[in-house]
Amino acid sequence: MSSTCISCSPHPLASIIGLPQGFVFGVLLQKSRMSAPENIKNQMALKDWTMMKTFLSASGTSAISFGLLQLFGLATLSPMDINWKGNLIGGALIGAGMTLGGACPGTLLAQIGEGVETAPYSLLGGLLGASAYGVLINQSWAKNILSSVEVKGPHNTLHGLLGKPMWAIAIPLGIAMIGVACGLEKIFPSPKRVESESASTTECMKKRQWSPIWSGIALGSLQIPVNLCVKAYLGTSSAFVTASTFVTKYLPLDQSYFSKYIPNTPKNVWQLVSDLSIIGGSYVSALLGNTRAKSTRALTTQDKMVAIASGFLLLFGARTANGCTSGHGLSQMCQLSFAGFISVASMMICGIGLGVALDKLRK
């Protein structure tokens with residue numbers, strides 16, 4: 001099944017939705033500190049649980065949002081078919097990229113806004129990775145390695161396998177995921193942060209950090225306006241391909257993959273506008289909270305190369321899996337798609353395995 005609902009048309013002003021939605025997305029990624037490179041790396045080494053608490057809260061709320069929309073006949077759901085090679089290989093590459101660079105495609109954009117020094121290099125790597133995939137996937141040998149025949153049928157989703165209404169499983173699952181996030185907060189409480197001097201309870205934007213649980217809940221709630229107005233769901237990686245088409249269209253390349261992402265449809269424009277707005281939201285959030293990244297040392301050539309490599313892995317992996325951490329973790333998994341569950345499991349197993357191994361090597 002395709003990743004968009006071709007039977008449902010987006011609102012004519014769908015692309016404009018990307019401005020406020022992306023801005024809020026960027027604020028939430030930055031304020032939750034889910035976007036902080038050290039938090040992502042430490043999560044993969046099982047030393048910090050900020051990322052997981054935000055992720056589970058956002059995923060749980062996404063599942064509840066999709067479930068409620070489906071219950072009232074308002075949802076545009078499009079769970080992907082299982083692609084074993086794509087989901088497993090792509091997920092593993094994303095996990096490795098997250099561990100090496102401390103970012104995922106969405107948080108990378110927030111890091112650009114926050115001023116993280118390695119972020120521009122990761123962005124460059126991401127654009128190269130998305131472009132490389134678009135070139136290679138047209139080659140039969142590469143397609144045989146990176147993709148398999150999609151598994152068709154209703155058993156591609158949890159509710160299809162169980163023969164139950166989607167909402168009857170998604171809503172309880174979402175509540176359970178938020179419950180796990182709250183349990184992690186109880187076991188691993190978020191550290192108390194020193195607020196900026198001018199911050200108060202009524203000036204939320206001037207706080208250095210928000211609760212990862214409430215930030216995740218707010219983030220997952222963004223699925224509702226996106227699904228209702230754009231007939232899509234949260235994700236960030238396809239816009240990297242859209243951005244790359246501004247260059248690839250002038251090159252002597254097979255354009256069959258890139259042509260699907262050129263900014264000539266409301267959804268493609270929405271995704272690109274949303275990604276750019278994430279950068280803006282993160283910038284404003286970091287500026288008001290006095291958490292703009294500060295340079296502690298000059299970047300070495302190795303730092304830059306690792307950042308480029310991590311960005312390449314993230315976006316090459318996201319395109320291989322046909323979705324990133326947002327596309328699979330917040331959207332496909334929360335539509336009860338097994339493709340989403342498989343991709344996220346592969347991300348976490350590879351990322352955490354690599355993170356724990358690197359942490360032990362450093363010691």
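Numbers for residues simply follow the sequence, beginning at 1. Excluded from the calculations below are hydrogen atoms, water molecules and symmetry mates; all remaining heavy atoms, backbone and side chain alike, are included.
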Should Leu109 and Ser282 count as side-chain neighbours, where that means a heavy-atom distance under 4.5 Å? no

Review point. Would you find a donor on one side and an acceptor on the other, under 3.5 Å apart, between the side chain of Ser343 and the backbone of Gly91?
Key: no

Quiz item: Is the NZ atom of Lys143 crowded by more than 12 outside heavy atoms at less than 6.0 Å?
Solution: no

| said: Is it the case that over 12 heavy atoms from other parts of the model lie below 6.0 angstrom from the CZ atom of Phe23? | reply: yes

Between Pro120 and Val116, the two heavy atoms sitting closest are CD-O, 3.5 Å

NZ (Lys41) and CG (Asp48) are apart, to the nearest 0.5 Å, by 13.5 Å

Residues passing the side-chain contact (heavy atoms from CB on, under 4.5 Å) test with Thr300, sequence neighbours excluded, are Arg297, Gln302, Asp303

> Between Met44 and Met348, does a side-chain contact (heavy atoms from CB on, under 4.5 Å) hold up when you go through it step by step?
Replying inline: CA-CA 8 Å; Met44 293 307 186; Met348 294 303 173; 4.3 Å; yes

Heavy atoms of Gly67 and Ala170 approach each other most closely as CA-CB, 4.2 Å

**OP:** Return yes if some donor-acceptor pair links the side-chain N/O of Asn144 with the main-chain N/O of Ser140 below 3.5 Å, else return no.
**Re:** yes

**OP:** Please check if any side-chain donor atom of Lys53 sits under 3.5 Å from a side-chain acceptor atom of Ser190, or the reverse.
**Re:** yes

Has Phe258 got more than 12 heavy atoms of other residues, nucleotides or ligands less than 6.0 Å from its CZ?
yes

Quiz item: Is atom NZ of Lys294 surrounded by more than 12 heavy atoms (other residues, nucleotides or ligands) closer than 6.0 Å?
Solution: yes

message = Are Met166 and Thr157 packed together at the side-chain level, in the sense that at least one heavy-atom pair is separated by less than 4.5 angstrom?
response = no

In this structure, CG of Asn156 is separated from CZ of Phe338 (nearest 0.5 Å) by 8.5 Å

*Between His328 (side chain) and Ala321 (backbone), is there a donor-acceptor pair under 3.5 Å?*
yes

Taken to the nearest 0.5 Å, the spacing of Lys164 NZ from Leu336 CG works out to 14.0 Å

Practice problem: Return yes if some donor-acceptor pair links the side-chain N/O of Thr99 with the main-chain N/O of Ala96 below 3.5 Å, else return no. | Solution: no

Would you find more than 12 non-hydrogen atoms of other residues, nucleotides or ligands less than 6.0 Å from Trp167 atom CH2?
no

- Task: Look only at the side chain of Trp270 and the backbone of Leu19, and say whether a donor-acceptor pair between them is shorter than 3.5 Å.
- Result: no

Check step by step if side-chain contact (heavy atoms from CB on, under 4.5 Å) holds for Trp49 and Glu185.
-> CA-CA 8 Å; Trp49 294 86; Glu185 178 65 23; over 6 Å; no

Check for a donor-acceptor pair, side chain of Ser285 on one end and backbone N or O of Gly281 on the other, with a separation under 3.5 Å.
no

Using the rule that two of Ile, Leu, Val, Met, Phe, Trp, Tyr join whenever any of their side-chain heavy atoms come within less than 4.5 Å, decide whether Ile349 and Leu100 are in one cluster. no

Tabulate below the donor-acceptor pairs under 3.5 Å that side-chain atoms of residues 213-226 make, not counting sequence neighbours, or state none.
| from | atom 1 | to | atom 2 | distance (Å) |
| --- | --- | --- | --- | --- |
| Ser215 | OG | Ser211 | O | 2.8 |
| Ser221 | OG | Ile217 | O | 2.8 |
| Gln223 | OE1 | Leu234 | N | 3.1 |
| Gln223 | NE2 | Ser62 | OG | 3.3 |
| Gln223 | NE2 | Leu330 | O | 2.7 |
| Gln223 | NE2 | Ser331 | OG | 3.1 |

ask   = Is the Tyr133 ring parallel, tilted or perpendicular to the Tyr257 ring (thresholds 30°, 60°)?
value = perpendicular

- [ ] Show the numbers, then the answer: is there a side-chain contact (heavy atoms from CB on, under 4.5 Å) between Lys304 and Glu117?
- [x] CA-CA 9 Å; Lys304 296 174 184 177; Glu117 287 188 301; over 6 Å; no

query: Linking I/L/V/M/F/W/Y whenever their side-chain heavy atoms sit closer than 4.5 Å, directly or via other members, would Ile175 and Phe72 fall into one cluster?
result: yes

Ser346 side chain to Ala92 main-chain N or O, any donor-acceptor pair under 3.5 Å? yes

Are Ser274 and Gln21 linked by a side-chain donor-acceptor pair shorter than 3.5 Å?
-> yes

Inset, instruction - Could you please spell out the steps behind the salt bridge (charged side-chain N to carboxylate O under 4.0 Å, His left out) verdict for Glu114 and Arg33? - result: CA-CA 11 Å; Glu114 191 173 342; Arg33 306 308 294 142; 2.9 Å; yes

Separation between CD1 (Ile278) and CD (Gln111), nearest 0.5 Å, reads 12.0 Å

Exercise. Would you kindly confirm whether Val241 and Ile262 end up in one hydrophobic cluster when ILVMFWY residues are joined by side chain heavy atoms under 4.5 Å apart?
Key: no

Looking at Cys324, is its backbone amide N or carbonyl O close enough to the side chain of Arg319 to form a donor-acceptor pair, meaning the two atoms are under 3.5 Å apart?
no

ask   = So, Gln30 and Thr291: side-chain donor and acceptor under 3.5 Å apart, yes or no?
value = yes

query: Between the main-chain N or O of Asn268 and the side-chain N or O of Thr265, is there a donor-acceptor pair closer than 3.5 Å?
result: yes

So SG of Cys229 and CD1 of Ile17: to nearest 0.5 Å the spacing works out to 4.0 Å

Contacts under 3.5 angstrom, residues 350-357 side chains, donor-acceptor by atom type, not counting sequence neighbours:
none

Q.
If we ignore hydrogens and angles and just use 3.5 Å, is the side chain of Gln271 paired with the main-chain N or O of Gly235 as donor and acceptor?
A. yes

More than 12 heavy atoms from other groups under 6.0 Å of CE on Met305: no

Tyr233 side chain to Gln335 side chain, donor-acceptor N/O pair below 3.5 angstrom: no

Indicate yes or no: at least one non-hydrogen side-chain atom of Ile94 is less than 4.5 angstrom from one of Leu313.
no

Flag side-chain contact, heavy atom, 4.5 Å: Met98 against Gln43:
no

Exercise for the section: Take the angle between the ring planes of Phe312 and Phe316 and call it parallel below 30°, perpendicular above 60°, tilted in between. Expected result: parallel

Between Glu38 and Lys47, is there a side-chain N and carboxylate O pair less than 4.0 Å apart?
no

query = Is it the case that one hydrophobic cluster holds both Met333 and Phe25, taking links as side-chain heavy atoms less than 4.5 Å apart, direct or via other members?
reply = yes

dist Asn227:CG -> Leu68:CG (nearest 0.5 Å) comes out at 12.0 Å

Fill in: Same cluster (ILVMFWY, side-chain, under 4.5 Å), Leu288 and Val27
yes

message = Between Thr50 and Phe188, is the side-chain contact (heavy atoms from CB on, under 4.5 Å) condition met? List the steps.
response = CA-CA 9 Å; Thr50 301; Phe188 307 105; over 6 Å; no

